[in-house]
Amino acid sequence: MRTLRITTFNINGIRSRLPALLDWLSREEPDIVCLQELKAADEFFPIEAIQAAGYGAVWHGQKAWNGVAILAKGTEPLLSRRGLPEDPNPEQSRYIEAVVEGVIVGCLYLPNGNPRPGPKFDYKLAWFRKLIEHAGDLLKAGHPVVLAGDYNVVPTDADIYNARSWQNDALLQPETRECYQRLLGQGWQDALGSLYPGQRIYTFWDYFRQHWQTNSGLRIDHLLLSPQLVERLVGGGVDLWVRDQPKASDHAPTWIELSI
DNA sequence: ATGCCCGAGTCGCTCGGA
């Protein structure tokens, strides 16, 4: 059976992590990659190296912060959108969307929202509401869609090593989780959650307090499937070995496989 | 209540991340 592997990866600086990115691409050969936190202006996106590795790409960068990209193996992603409609702050590059292999791929980097309360948390919720609106429009259009990225949402207390030590964090707040549940309520399926119900899956381990070494992780990178894709989901996982490399990102690549 | 560990920018520090 032929499958399509779609990976989301918060790379935390594409320039400082480029050798690691190329190494991971050659080893895992994902078909589609959603990258977040490029931390590079558009002119610094390393398109030559990525093309040399056999990938086409579209990107939406920004100096120093944020930045998202979609890579496609052996083909050029067909850009459908750069930036979220009615983005509360379009200066922050947090959304890009493209069609690959007949699937609409939305790549997102939701605002972190700390400290809370405050304007950053308000911005997180405002951005989330606009994402929900756009996601609803995508569903109405009836095409197969994957919405993948760093949602900065820990969906439940089962998605973190210890909820109590993060209870005041923006990632765990009831308002944040309500937004995520509202999104799922439109008809999206949390792919990894559905593959591994009740299991502890982590995609992020912060650099502090030896959290990787003690597997004190959070599940905040998610791939949401439109209803047409649910029956095509055949697998998923997290490339944990990437987080164990020297100078690793604090996130690990998180992926699904769809039958085609 | 805060720092911890990082990358990027401006350059030996701040800011932001989560």
Side-chain angles (χ1 to χ4, degrees), chain A residues 8-22 24 34-46 49 59-69 88-89 91-95 107-128 131 148-177 179-180 200-222 238 242-254:
Chain A
T8 181
F9 182 27
N10 181 322
I11 194 168
N12 188 16
I14 194 167
R15 283 174 289 174
S16 66
R17 217 83 64 196
L18 183 59
L21 174 67
L22 298 173
W24 168 69
C34 296
L35 295 175
Q36 301 88 33
E37 280 209 86
L38 303 178
K39 294 187 174 179
D42 281 338
E43 58 268 34
F44 294 128
F45 186 82
W59 60 95
H60 183 30
Q62 171 190 343
K63 186 178 174 181
W65 311 116
N66 309 313
V68 285
N89 184 357
E91 291 179 3
Q92 299 190 7
S93 299
R94 297 183 175 275
Y95 188 82
C107 169
L108 64 106
Y109 176 45
L110 211 134
N112 171 283
N114 283 307
R116 178 207 65 89
K120 294 198 173 180
F121 190 65
D122 296 341
Y123 173 58
K124 176 179 195 147
L125 297 181
W127 202 93
F128 218 147
L131 175 67
D150 179 354
Y151 281 74
N152 272 316
V153 178
V154 175
T156 72
D157 287 355
D159 298 302
I160 184 169
Y161 68 101
N162 177 8
R164 203 159 56 150
S165 53
W166 291 69
Q167 62 181 342
N168 292 318
D169 194 280
L171 278 62
L172 281 76
Q173 293 314 300
E175 301 96 315
T176 304
R177 289 175 164 176
C179 282
Y180 187 70
R200 298 251 167 193
I201 310 275
Y202 302 138
T203 66
F204 164 84
W205 301 257
D206 78 22
Y207 289 125
F208 304 161
R209 298 164 288 221
Q210 295 199 301
H211 274 174
W212 169 247
Q213 290 81 355
T214 57
N215 193 29
S216 302
L218 287 65
R219 188 170 78 95
I220 57 176
D221 300 278
H222 307 298
V238 182
V242 176
R243 184 62 182 82
D244 202 42
Q245 297 289 102
K247 280 177 62 78
S249 167
D250 39 8
H251 296 249
T254 304

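Just the heavy atoms: all of them, side chains too, but no hydrogens, waters or symmetry mates, feed the values below. Within every chain, numbering begins at 1; the chains are lettered A, B, ... in the order of the sequence lines, protein sequences first and strands thereafter.
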When all nucleic acid strands are considered with a 4.0 Å heavy-atom cut-off, which category describes [X]: base, sugar-phosphate, or nothing?
X        : answer
A:Glu37  : sugar-phosphate
A:Asn114 : base
A:Asn168 : nothing
A:Phe44  : nothing

Distance, [atom1] atom - from [M] to [N], rounded to whole angstrom:
N      : M      : atom1 : result
B:dG12 : B:dG7  : C1'   : 15 Å
B:dC4  : B:dC15 : P     : 15 Å
B:dT14 : B:dT10 : C1'   : 9 Å
B:dG16 : B:dG3  : P     : 14 Å

Nearest whole Å is fine: how far is [N] [atom2] from [X] [atom1]?
X        : N      : atom1 : atom2 : result
A:Asn10  : B:dG16 : CG    : C1'   : 13 Å
A:His211 : B:dC4  : NE2   : P     : 14 Å
A:Asp250 : B:dG16 : CG    : P     : 17 Å
A:Trp166 : B:dG3  : CH2   : P     : 16 Å
A:Ile11  : B:dC6  : CD1   : C1'   : 14 Å
A:Phe208 : B:dG3  : CZ    : P     : 10 Å
A:Gln245 : B:dC6  : CD    : P     : 15 Å
A:Lys124 : B:dG17 : NZ    : C1'   : 12 Å

Side chains of [Y] and [X]: any donor to acceptor distance under 3.5 Å?
X        : Y        : result
A:His251 : A:Asp221 : yes
A:Asn12  : A:Lys39  : yes
A:Asn10  : A:Glu37  : yes

Measure from the side-chain heavy atoms of [X] and tell me the nearest of [options].
X        : options               : result
A:Arg209 : B:dG16, B:dC4, B:dG7  : B:dC4
A:Arg15  : B:dG9, B:dC15, B:dG17 : B:dG9
A:Lys39  : B:dA8, B:dG17, B:dG3  : B:dA8
A:Ala64  : B:dG7, B:dC4, B:dA8   : B:dA8

Original post:
Shortest non-hydrogen contact from A:Ala40 to A:Arg15?
Top reply: CB-NE, 3.6 Å
Original post:
Between A:Lys63 and B:dT10, is there a side-chain N or O to OP1/OP2 distance below 4.0 Å?
Top reply: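 Yes.
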Subject >> Side-chain N or O of A:Ser249 closer than 4.0 Å to phosphate OP1/OP2 of B:dC6 >> reply: no
Subject >> Most 5' of A:Asp169 and A:Ala40 on DNA chain B, judged by nearest nucleotide >> reply: A:Ala40
Original post:
Taking for each residue the nucleotide of DNA chain B bearing the nearest heavy atom, is the 5' side occupied by A:Phe204 or by A:Arg17?
Top reply: A:Arg17
**OP:** Answer yes or no on whether A:Arg219 is positioned over the face of A:Tyr202, meaning its NZ or CZ is under 6.0 Å from the six-membered ring centre and within 45° of the axis.
**Re:** no
**OP:** Using the six-membered ring wherever Trp is involved, compare the ring planes of A:Trp166 and A:His211 and label them parallel, tilted or perpendicular (cut-offs 30° and 60°).
**Re:**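 Rings of A:Trp166 and A:His211: tilted, 30 to 60°.
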